[in-house]
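In what follows, every chain begins at residue 1, and chains take the letters A, B, ... in the order their sequences are listed. The structure displayed is predicted, hence computed values, not measured ones.
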Protein chains: 2
Amino acid sequence: MWLAPVTSCILPSGRPAYPFRLRRVGGTVAERPLYQRIAEELRLKIETGELSPGSLVPPESQLTVDYKASRNTIREAVRWLKDLGLVDTQPGRGTTVISKPVPFEITLTPDSETGFGGGEGAAYIAEVQAQNRVARAGSPKVEIHKAKGRIAEELGLAVDAEVISRHQQRYIDDTPWSLQTSYYPVDFVARGATRLLSADDIEEGTVRYIEGALGIKQASYTDRITVRAPDVNEVAFFDLPANGSVPVFQTYRTARDTEARPFRLTVSVFAADRNEFLLNVDLTDMP
Amino acid sequence: MWLAPVTSCILPSGRPAYPFRLRRVGGTVAERPLYQRIAEELRLKIETGELSPGSLVPPESQLTVDYKASRNTIREAVRWLKDLGLVDTQPGRGTTVISKPVPFEITLTPDSETGFGGGEGAAYIAEVQAQNRVARAGSPKVEIHKAKGRIAEELGLAVDAEVISRHQQRYIDDTPWSLQTSYYPVDFVARGATRLLSADDIEEGTVRYIEGALGIKQASYTDRITVRAPDVNEVAFFDLPANGSVPVFQTYRTARDTEARPFRLTVSVFAADRNEFLLNVDLTDMP
DNA sequence: GCAAATTTGTTCGTATGTATT
DNA sequence: CAATACATACGAACAAATTTG
């Protein structure tokens, strides 16, 4: 079997991109490490369809023979593919080529019909149904704690001011889809929004409920979208590979009233391998 | 030294989240693997500040002594932290705790002053300057090729219709920041937008240029935000860890004219560790 | 339902190569 | 050049999860 040497690789300034770099040894160009060349061979087989999504990659014992390398080296090659999100391994079962799920599309801009922000309440349910899927939410876990860091900052509260948090697990077609936590100033309860403390779903959506109970009307919101490695809870809930090779989206949504005062912060976490975000922007009423 | 066993771990249905799961062996709860417990110890030292960002983690040889584990096991622990994006390793130098750069904020919704979409032309320059940084772009690489897959789809063209692509590397403060490729139907040139073929920067922005040359006015756009592992070119350009532990954002922006016909597709790639996206949504003129 | 076979996961040992200081 | 530190590669043994007979 012949492993093609790599012949082109862009080299930017700065720290060398070891071990992708073509290594020069004694004036001649050295090859990339064995495990990377094996990984490249396997990657080609996946991309050409020789190994189709869902099918089993030959077991390590077989690859050891095929590529005349030790088992550890084969494992490094497979690990490389795993890190790239191309395969998944399970003890006892084997290594399967990943078949990417049809991503769920989350529209972050408001629905022009309902005015609901994407990923929330009625708009969320509607969007799930529009994609012919079934939405389900776990019952909220309600807590009161002191606002720290970004939570206090986004809500415009003093550090250590008390906030109500409402945490929910959400599912689509019974697969875990998002973890969502909303934070409200604790004085909303004293002012009459007592259902915020109840561990029942607020059917009409908390934004509508707060408008009815307190007269606070949502006039705008800001989303902040970041990506990071999942923590232990997220790995367990979304059933992600434990090594963090599948990242998660984390969105911060700060809702503001007509005076531009923030009154709600919602932190949502989505697995990045099964979601994408959409934005629809209309420029016709811009200057 | 005492390594704390893990006492709580959410177990969802479906495939067990090996190896995070508490393993039961003969009726007793087994511990997580040694390398994960060592990684956890080190992670704690990082998060409590005992190992501060930028500082060197003790070398493998020292950790071998500290934790009474073999060098391979230590390497597994360090690899775990590397995959989580907490440390970076360099041969000869050592293992450093990552100091996260101040993320650059990209506003995807249009600027209410200029009407420019986020991350583009004038709005991009302005946003960079507003964050006290310096923007620079490489000269465009112009190509003509046949539209494939999503490119044809988003532009509403037949598969294999020809498109112009304009590819640019962009820098902020001289660090590589984004890779951007815009696609236009090839007949734009015949209709008069000849500068699209020139490898010179189009100062006023291509959207403005097309409006002047062809009378096509941008009335709306749609963004699609996804996350994936970087490819080899992106690893080299952004100087990312070669194992794909830092993912990239990929955004598809489809610009439409007043008749809602797509006329431009821009694909941008950003390193996810140094960027975040912002959305500003005004609901006051919604129903 | 159980036992055996298969397959990946963990851990050790050892040697050598490459990059940086 | 020498010392230090991480990277690659091989061999070996046992554990844990799954599938198969």
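- Of the listed nucleotides (D:dC10, D:dA7, C:dT11), D:dC10 has the atom at the smallest distance from the side chain of A:T73.
- Side-chain nitrogen and oxygen atoms of A:R75 include at least one within less than 4.0 Å of the OP1 or OP2 phosphate oxygen of C:dG9.
- Judged by closest nucleotide on DNA chain D, B:S61 is the one of A:I74 and B:S61 placed further toward the 5' end.
- Going from atom CZ of B:R79 over to atom C1' of C:dT10 covers 13 Å, rounded to whole Å.
- Among the nucleotides C:dT8, C:dT20, C:dT11, the one closest to any side-chain atom of A:P91 is C:dT8.
- Partners of A:Y171 according to the ring-ring contact (aromatic ring centres under 6.0 Å, His included) rule, which considers only residues two or more places apart in sequence or in another chain, are A:F237.
- Not counting sequence neighbours, the partners of A:E60 by the side chain to side chain contact (heavy atoms under 4.5 Å, CB included) test are A:R71, A:I74, A:R75.
- In this structure, CH2 of B:W80 is placed 16 Å from C1' of C:dT11, rounded to the nearest angstrom.
- Applying the side chain to side chain contact (heavy atoms under 4.5 Å, CB included) rule to A:S70 yields the partners A:N72, A:T73; only residues at least two apart in sequence or on another chain are considered.
- Nucleotide D:dT4 holds its C1' atom 13 Å from the CD atom of B:Q62, rounded to whole Å.
- At least one donor-acceptor pair closer than 3.5 Å links the side chain of B:E234 to the backbone N or O of B:D231.
- Between the C1' atom of D:dC6 and the CG atom of B:L81 lies a distance of 15 Å, rounded to the nearest Å.
- When the side-chain nitrogen and oxygen atoms of A:T95 are compared with OP1 and OP2 of C:dT8, one or more of them lie within a distance under 4.0 Å.
- With sequence neighbours excluded, the residues satisfying side chain to side chain contact (heavy atoms under 4.5 Å, CB included) with A:I98 are A:D88.
- A:R93 has its CZ atom 17 Å from the C1' atom of D:dA16, to the nearest Å.
- Evaluation of the salt bridge (charged side-chain N to carboxylate O under 4.0 Å, His left out) test over residues 266-277 of chain A, restricted to residues two or more places apart or in two chains, returns A:E276-B:R224.
- B:Q90 places its CD atom 9 Å from the C1' atom of C:dA19, with the value rounded to the nearest Å.
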Dump every N/O contact between nucleotides 13-16 of chain C and the protein below 3.5 Å, one line per pair.
unit_1	atom_1	unit_2	atom_2	d
C:dG13	N7	B:N72	ND2	3.4
C:dG13	O6	B:N72	ND2	2.8

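- With hydrogens and angles disregarded, no donor-acceptor distance shorter than 3.5 Å links the side chain of A:S52 to the backbone of A:G49.
- Distance, B:E60 CD to D:dA3 P: 20 Å, rounded to whole Å.
- Rounded to whole Å, atom P of C:dG17 lies 19 Å from atom CD of A:E76.
- Distances shorter than 4.0 Å separate none of the side-chain N or O atoms of B:T89 from OP1 or OP2 on D:dC6.
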